[in-house]
Amino acid sequence: MKLVSFDIFRTLGFPGTTILKPEQFLAHKALLREADWVLFPEYWQLNALTYGLKCRVFPSVASYHIGHDKVEMTRAFQTVAPEHTPWTLIEANGPDEQQAVWDAMVLPFVAKLPKASMGEGVWLIENRADWRRYCEQTSVLYAQEYLPIDRDARVVIVGDRVVSAYWRTQADQGFYNNVSRGGRIDNGTVPSVVTDLALRLARGLGVDHAGFDIALVEGHPYVLEFNRLFGNQGLGKGSELKTAILEYLQQHAEPEDPDGPAGPTPFWPVAV
């Protein structure tokens, strides 16, 4: 395979891979057109690569578009798995909307900024002052029911396969499970009801590289979000992830023919 990567760290040791700097991609259009796969471009490159140069990118376009914004992500979850999506209100940020959301939610509840990661931009709203401070920071209101959990599961998906699944336990200060915010990794068994939900979401949405965060409440799984570029703290040496990606790329190196294999040319009667 001919591979071009824009992320040297995530593709370290990938055979047959040319590394490019994202800002220089227009100087290498011929190389990009000839590549079997273009790996880990920046979000701002996506349209130019896929629509302009007709490149096949990994992660998938859906992984980028859905994973780029928590509002769009939640709406996608509500479409394919509403029973596994925490109750969420999304509104434009105006005085009337602020009051309506506040009146509808039960304390405590969670508020999020649409574009944030690693636990940043997530607020625990316990009183009106918390809500006012949150509303001052965002143009879109995103309010979600609080789930009574002390951990969530991170399920790493590549293609149609679960590469890794582990728990992230709550930080000492409470609320946050993200390792970057003080959460801890627990390698205890993650039940199949959790990994099955991650696979269902990945398949249903066309997401082929993601770390899904899923909470378990009285045996029922709820999806919180997914990260297209997830951390590697729970992946050991990461060799299993590398192998899974390379196997997936090799298996899908040739675009699928939507009409199936070509058959013999049919014989059509000719009018005379």
Side-chain angles (χ1 to χ4, degrees), residues 43-44 63-155 167-184 197-198 201 205 207 210-218 220-231 233:
Y43 185 87
W44 59 264
S63 301
Y64 278 86
H65 284 166
I66 299 172
H68 189 62
D69 184 292
K70 286 184 173 62
V71 170
E72 302 302 330
M73 186 187 303
T74 299
R75 287 173 174 157
F77 292 157
Q78 290 170 332
T79 300
V80 300
E83 72 279 17
H84 296 289
T85 307
W87 186 61
T88 307
L89 293 178
I90 300 170
E91 299 287 350
N93 189 357
D96 292 341
E97 291 83 0
Q98 290 177 18
Q99 186 62 48
V101 172
W102 172 257
D103 291 340
M105 301 303 296
V106 175
L107 292 173
F109 63 93
V110 176
K112 299 179 182 180
L113 301 180
K115 297 180 181 179
S117 61
M118 300 177 68
E120 300 292 338
V122 180
W123 304 59
L124 180 63
I125 306 299
E126 298 181 289
N127 51 56
R128 193 63 182 258
D130 290 340
W131 181 238
R132 283 196 296 266
R133 283 192 290 270
Y134 164 75
C135 291
E136 292 170 355
Q137 302 296 318
T138 183
S139 60
V140 176
L141 303 177
Y142 180 113
Q144 190 171 79
E145 67 173 310
Y146 174 81
L147 299 179
I149 59 173
D150 65 355
R151 65 188 56 210
D152 61 24
R154 165 62 60 86
V155 183
W167 295 102
R168 305 183 307 169
T169 60
Q170 201 166 81
D172 290 337
Q173 72 268 29
F175 185 53
Y176 295 102
N177 299 330
N178 305 72
V179 176
S180 60
R181 300 296 297 272
R184 299 181 180 88
L197 176 58
L201 292 166
L205 298 173
V207 173
F212 284 87
D213 297 336
I214 297 177
L216 197 60
V217 180
E218 297 181 353
H220 187 82
Y222 291 91
V223 60
L224 304 177
E225 64 182 36
F226 76 79
N227 290 281
R228 171 177 52 86
L229 300 178
F230 44 85
Q233 294 94 333

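For the atom pair CZ of F77 and NE2 of H84, the computed distance is 12.5 Å after rounding to the nearest 0.5 Å. Of the inter-residue distances, the one linking Y222 atom OH with I214 atom CD1 reads 13.0 Å to the nearest 0.5 angstrom. To the nearest 0.5 Å, the span separating CZ on R132 from CH2 on W102 amounts to 8.5 Å. Atom CG of L224 and atom CE of M73 lie 10.5 Å apart (nearest 0.5 Å). In this structure, CG on L216 lies 9.5 Å from CD1 on I149, to the nearest 0.5 angstrom. Here CD1 of I125 is found 9.0 Å from CG of L107. Values are rounded to the nearest 0.5 Å.
The side chain to side chain contact (heavy atoms under 4.5 Å, CB included) test with T88 is passed by exactly one of K70, Q144, E145, R75: Q144. The ring pair (Phe, Tyr, Trp, His ring centres under 6.0 Å) test with F109 singles out one residue from Y142, W131, W123, and that residue is W131.
Taking 4.5 Å as the limit, every side-chain heavy atom of L89 sits out of range of all side-chain heavy atoms of L141. For the pair V223 and T85, the minimum side-chain heavy-atom distance is below 4.5 Å.
When all heavy atoms are compared, the tightest approach of P82 to T79 is CD-O, 4.1 Å. Across P108 and E126, no two heavy atoms sit closer than the pair CB-CG, 4.2 Å.
Using modelled atom types and a 3.5 Å distance limit, the side chains of E97 and N93 yield no donor-acceptor pair.
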Do I90 and V140 pass the side-chain contact (heavy atoms from CB on, under 4.5 Å) test, and can you show the C-alpha distance, the side-chain angles, and the key distance before you say yes or no? CA-CA 7 Å; I90 300 170; V140 176; 4.0 Å; yes
Given side-chain contact (heavy atoms from CB on, under 4.5 Å), test E72 with I66 step by step and report yes or no.
CA-CA 6 Å; E72 302 302 330; I66 299 172; 5.8 Å; no
Decide yes or no on side-chain contact (heavy atoms from CB on, under 4.5 Å) for L201 and V207, but give the supporting numbers first. CA-CA 8 Å; L201 292 166; V207 173; over 6 Å; no
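Ring geometry, H65 versus Y43: the interplanar angle exceeds 60°, so the pair is classed perpendicular (tilted spans 30 to 60°).
One N or O on the side chain of Y134 and one on the backbone of K112 form a donor-acceptor pair closer than 3.5 Å.
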